[in-house]
Amino acid sequence: MRFYGKIINGWEGVLRGSALVSKKRISFLGDVDPKTGRIRANDSDITGEEIGGKVLIFKGGRGSTVGAMVIYALKKNNKAPLAIITVETDPVVVSGAIFSNIPAISEVSENILSKIKSNQEVRIYPRKKLAVIEVI
Amino acid sequence: MLDITREEERMLSGDYGEWTARAMRLIIKLGELNAADRLVEISRVHLSGVSYKTVGDAAIELLRDMVSDGVKLKAYTTLNPAGMDFSRWKIMRVPEEFAMKQKEIVDLYQALGAKPTLTCAPYLYENKPDRGEIVAFAESSAVIYANSIIGARTNRHGSIDALAAAIAGRVPLMGLLLKENRFGNIVIDVNNEKFEQSDYGLLGLFLGDKLAPTDIPVFIFKHTPTIWDLRSLGAALAASGAIAMFHTVGITPEAKTMNEALGGGCPKEKIIVDMRDVRSVIDKYFSSIEEPDAVFIGCPHASLDEIRKIGKLLHGKRIKNNIDFWVFTSRTVFNLIRSDPIYDIIKRAGIKIFTDTCMVVTPIEEMGIRYVWTDGSKAAWYIPKFAERKIKVEVKSIKEIVNKVTE
């Protein structure tokens with residue numbers, strides 16, 4: 001299974017990690033605990049999961065603009081996702097990812113949210129200006 | 001490809017220091033991702049990310065690094081609410097350690113050159129853009145207000161790229177800065193019979209969740225809403241969703257007619273809503289509370305009109321002793337209300353007005369508060385999340401609240 005996306009913030013080589021998938025939008029402020037990386041929103045479909053070190057795949061951003069700084073805080077606290085993959089492009093998520101230097105991909109087909117399951121191993125790598133996301 | 005001027009090239013290459021170069025890299029990258037062809041200079045920025053509760057130690061480290069490297073913001077920059085009222089934080093029961101951290105954050109922002117306005121509603125007095133003016137606002141409720149109600153132009157900036165814009169004095173020319181991207185694409189027909197201001201907020205939460213972030217809804221109302229009704233609507237649209245702009249036919253500046261609001265195009269959809277949809281939000285997200293231990297008004301920061309309204313509703317009665325009735329506003333509005341005859345009535349009733357902060361970004365989970373009534377849907381949306389649902393919130397109209405908590 002393979003998906004393609006736009007590279008928002010690039011990386012070197014191939015990244016491998018465990019997927020954490022949410023069909024919903026995320027506000028990093030409020031929905032995510034910056035100290036632990038745990039999803040604390042009760043209207044999320046991944047409530048209680050920790051995003052640190054995961055390939056976080058979700059629909060897009062919502063809500064507070066402070067989310068960008070929360071992403072920076074997650075990075076400083078070593079609780080940032082390994083990579084951020086979204087269907088929609090949200091400026092708050094994008095600037096947080098770029099500034100914190102977290103690999104980020106967007107404009108991926110919405111199918112990814114149902115085809116890739118949480119805990120599946122995925123790899124991502126750049127090819128011809130696009131990002132490739134594959135289940136291993 | 002994005003064209004930059006010779007000056008911008010120097011900024012990018014580090015002639016003005018590493019932070020200017022870093023800010024330029026982020027801005028240019030955002031521009032390239034959105035097919036901007038150039039940057040545009042701005043003179044106004046409003047920053048979110050001020051409360052220690054929301055940004056924590058990571059922001060302190062970032063700001064310390066910037067201050068010690070001598071960074072100076074190029075644009076006139078105002079600040080969002082902090083985690084406490086700076087002169088009355090002890091009355092608010094803010095822990096000492098929190099207060100020290102909070103002071104440092106605001107001191108650091110000030111050292112960069114930001115004005116410690118500490119309000120989420122800078123567009124009323126402290127940082128008021130003109131119609132058509134290009135600015136860089138973070139704070140989602142200020143973004144949607146500036147675009148929709150003033151007709152100024154701002155994208156929905158994250159706290160970090162707004163800071164970068166303040167350092168560089170520039171933003172990429174893209175998105176809502178361009179007239180062609182400001183037209184509505186979806187029509188919302190609202191039967192607002194018997195709507196109180198709080199119902200507009202609930203309507204915003206209802207729709208924000210359903211609409212796509214790029215949608216620009218065009219509202220038609222049966223009865224004319226007030227500017228404060230629309231402000232509540234916008235703040236909530238930007239909380240449960242990521243909406244950055246809306247039109248209201250016959251009211252907002254870029255929507256004299258439906259045709260103007262839609263830019264001559266056809267809407268992709270028309271949604272009809274009424275009180276039942278608004279009420280569905282209450283059942284879905286909020287708790288039912290018999291008696292609150294706190295009432296919070298002022299999300300977004302209360303205007304002079306809104307505070308006067310509370311005073312009028314009091315009819316000389318007092319707030320019950322066991323309830324904290326707190327109103328949050330800016331220092332500017334507070335100074336205005338203090339010279340208003342209604343202030344005495346409000347004060348005597350036992351209502352406390354706090355500035356510099358609000359119920360969302362002050363650490364209420366450490367103040368022993370469990371049950372909250374508020375008229376602000378945005379606050380009701382965030383408070384239970386921050387408190388990990390240890391605090392329950394119910395949205396009610398200001399009329400009902402005042403009626404029930406006075407004696």
Side-chain angles (χ1 to χ4, degrees), chain A residues 6-10 24-36 38-44 47-48 59-80 86-101 104-107 110, chain B residues 22-23 25-27 29-30 33-34 46-51 54-59 61-62 80 137-143 155-165 174-175 208-209 212-214 238-244 284-285 360-361 378 381-389:
Chain A
K6 181 167 164 180
I7 298 174
I8 298 292
N9 195 41
K24 302 228 173 179
R25 299 191 181 103
I26 295 176
S27 168
F28 279 82
L29 179 74
D31 291 351
V32 184
D33 183 338
K35 287 202 186 91
T36 60
R38 200 170 53 81
I39 300 282
R40 58 186 180 188
N42 57 341
D43 59 338
S44 169
T47 306
K59 189 168 181 188
R62 70 174 182 184
S64 174
T65 59
V66 184
M69 231 172 228
V70 174
I71 294 174
Y72 181 80
L74 285 164
K75 180 76 177 187
K76 279 247 170 185
N77 296 333
N78 288 318
K79 298 291 177 191
T86 57
V87 175
E88 299 163 351
T89 308
D90 178 67
V92 174
V93 176
V94 167
S95 62
I98 294 172
F99 197 79
S100 316
N101 205 15
I105 302 165
S106 80
E107 293 178 27
E110 187 148 11
Chain B
R22 198 168 174 183
R25 282 200 297 274
L26 176 57
I27 288 164
K29 187 98 184 253
L30 289 171
L33 286 169
N34 290 280
H46 178 71
L47 295 179
S48 61
V50 180
S51 166
T54 60
V55 293
D57 294 315
E61 285 174 49
L62 170 67
N80 233 21
F137 275 18
E139 172 47 43
S140 57
S141 69
V143 168
N155 281 306
R156 179 170 160 274
H157 287 276
S159 45
I160 295 241
D161 54 290
L163 188 54
M174 64 185 215
D209 201 24
T214 46
S240 73
I243 308 296
K284 193 168 170 194
Y285 298 116
V360 177
V361 297
K378 174 180 176 170
W381 179 258
Y382 281 113
I383 288 170
K385 290 182 200 288
F386 280 122
E388 308 244 347
R389 289 164 301 286

Open item on the list: Given heavy-atom pairs under 4.5 angstrom as the criterion, report whether the side chain, backbone, both or neither of Arg389(B) touches chain A.
Closed with: side chain
Open item on the list: As an exercise: rank Ala162(B), Gly208(B), Ser159(B) by heavy-atom pairs under 4.5 Å with chain A and give me the winner.
Closed with: Ser159(B)
TODO: Mind ranking Thr214(B), Leu33(B), Asp161(B) by heavy-atom pairs under 4.5 Å with chain A and telling me who comes out on top?
DONE: Leu33(B)
Open item on the list: So which residue, Arg25(A), Glu88(A), Lys6(A), ends up with the most heavy-atom pairs under 4.5 Å with chain B?
Closed with: Arg25(A)
- [ ] Any chance you could measure Asp90(A), atom CG, to Lys59(A), atom NZ, to the nearest 0.5 Å?
- [x] 12.5 Å
Task: Exam field: side chain Asn34(B) to backbone Gly175(B), donor-acceptor pair closer than 3.5 Å - done: no
Task: Per-residue contact mode, Phe386(B) against chain A (heavy atom under 4.5 angstrom) - done: both
Open item on the list: I want to check something: taking the side chain as every heavy atom from C-beta on, are Met69(A) and Leu62(B) in contact at a cut-off of under 4.5 Å?
Closed with: yes
TODO: Using non-hydrogen atoms and a 4.5 Å limit, figure out which bit of Arg25(B) sits close to chain A: side chain, backbone, both or neither.
DONE: neither
Open item on the list: Just so I know, are the side chains of Asp43(A) and Tyr285(B) near enough to count as touching, which here means a heavy-atom distance under 4.5 Å?
Closed with: yes
Open item on the list: I'd like to know which of Ile7(A), Ile98(A), Asp33(A), Asn42(A) tops the heavy-atom pair count under 4.5 Å against chain B.
Closed with: Asn42(A)
Task: Under 4.5 Å from any heavy atom of chain B - which part of Ser64(A) - done: both
Open item on the list: Between Leu47(B), Asp209(B), Leu30(B), who has the most heavy-atom pairs with chain A when the cutoff is under 4.5 Å?
Closed with: Leu30(B)
Task: Main-chain N/O of Gly30(A) paired to Arg40(A) side chain as donor or acceptor, under 3.5 Å - done: yes
Open item on the list: Closer than 4.0 angstrom, basic N to acidic O: yes or no for Glu61(B) and Lys75(A)?
Closed with: no
- [ ] Taking Thr47(A) for its side chain and Ala41(A) for its backbone only, find out whether a donor-acceptor pair lies under 3.5 Å.
- [x] yes
Open item on the list: Is Ser240(B) close to chain A through its backbone or its side chain, or both, or neither, when contacts mean heavy atoms under 4.5 Å?
Closed with: backbone
- [ ] Counting only heavy atoms closer than 4.5 Å, note whether Ala238(B) contacts chain A via side chain, backbone, both or neither.
- [x] backbone
Open item on the list: Using a 4.5 angstrom heavy-atom cutoff, name the option from Ala164(B), Pro213(B), Ser140(B), Ala59(B) with the most pairs to chain A.
Closed with: Pro213(B)
Open item on the list: I need the single residue from Lys24(A), Arg38(A), Arg62(A) that forms a salt bridge (Lys or Arg N to Asp or Glu O under 4.0 Å) with Asp31(A). Which is it?
Closed with: Arg62(A)
